[in-house]
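Step one of this worksheet: look at the structure below.
These values consider heavy atoms only, across backbone and side chains, with no hydrogens, waters or symmetry-generated copies. Remember, predicted model here, so these are calculated numbers, not experimental data.
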Amino acid sequence: MTNTIHHASARGRTVPLGELRDIPARMTIPAAGRLIAGLSRAKSYELHQLGEFPAPVQRIGARFFVRGADVLRALGLDPEVVLLGTRADATEAEPVNEAATSRGA
């Protein structure tokens with residue numbers, strides 16, 4: 001069994017987990033549209049102009065980008081789980097007893 005995530009908004013595509021873990025911190029509107037819903041470049045820009053792009057778009061200078069974490073959220077995924085394999089609400093690990101560690105125990 002392969003590690004894949006399937007989501008309806010991705011037009012029935014199966015997206016390998018490795019591809020999602022390697023998602024860049026930010027990407028172009030067409031790259032995000034292709035990953036989220038299999039959109040063409042033209043359709044991605046059209047939805048952005050209409051204010052209907054499926055993820056928040058940021059403007060940096062004269063360029064527009066979509067954060068990788070926002071792409072994962074648009075797919076219905078938790079970025080912390082996909083990228084780090086953890087959840088923000090998980091309990092913290094117990095602190096290491098430094099005295100025991102320094103004695104070699």
Side-chain angles (χ1 to χ4, degrees):
M1 183 171 141
T2 60
N3 288 333
T4 57
I5 294 176
H6 176 80
H7 196 273
S9 71
R11 292 191 178 183
R13 294 183 317 127
T14 301
V15 181
L17 184 57
E19 182 180 331
L20 295 175
R21 283 194 175 133
D22 294 337
I23 198 167
R26 66 177 183 218
M27 63 186 72
T28 63
I29 292 172
R34 189 171 35 256
L35 187 58
I36 294 169
L39 300 174
S40 69
R41 180 179 190 273
K43 187 65 172 179
S44 294
Y45 280 121
E46 178 185 337
L47 290 176
H48 168 62
Q49 288 178 336
L50 295 171
E52 297 175 7
F53 194 75
V57 177
Q58 296 180 330
R59 183 177 182 163
I60 301 174
R63 296 179 179 211
F64 293 92
F65 295 97
V66 180
R67 292 178 0 164
D70 290 331
V71 169
L72 293 173
R73 285 186 194 96
L75 288 169
L77 303 171
D78 182 342
E80 286 193 48
V81 172
V82 173
L83 300 175
L84 305 175
T86 61
R87 289 198 56 88
D89 58 0
T91 58
E92 294 184 11
E94 293 293 321
V96 175
N97 184 341
E98 292 181 26
T101 304
S102 65
R103 288 182 290 183

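Closest heavy-atom contact between I60 and R26: CD1-NH1, 3.5 Å. Residues A74 and P54 share a closest heavy-atom pair of CB-O, 3.5 Å. Contact between G33 and S44 at its shortest, heavy atoms only, is CA-OG, 3.5 Å. Closest approach of A69 to P79, counting heavy atoms only: O-CG, 3.5 Å.
For the pair V66 and F53, the minimum side-chain heavy-atom distance is below 4.5 Å. With a 4.5 Å cut-off on side-chain heavy atoms, L72 and D78 do not count as touching. Counting heavy atoms from C-beta on, the side chains of L75 and L20 come closer than 4.5 Å. I23 is listed as a side-chain neighbour of L35, based on a closest heavy-atom distance under 4.5 Å.
Taking Q58 as the reference, R67 meet the side chain to side chain contact (heavy atoms under 4.5 Å, CB included) condition, with sequence neighbours excluded. Listed by chain and residue number, D70 satisfy the salt bridge (charged side-chain N to carboxylate O under 4.0 Å, His left out) test with R73 (two or more places apart in sequence, or in another chain).
Residues L47 and V71 share a single hydrophobic cluster, defined by chaining ILVMFWY side chains whose heavy atoms lie under 4.5 Å apart. In the hydrophobic clustering of this structure, F65 does not group with L39; members are Ile, Leu, Val, Met, Phe, Trp, Tyr whose side-chain heavy atoms approach within less than 4.5 Å, directly or through other members.
Rounded to the nearest 0.5 Å, atoms CD (E46) and CZ (R41) are 13.5 Å apart. Taking NE2 from H48 and CD1 from I29, the interatomic distance works out to 4.0 Å, rounded to the nearest 0.5 Å.
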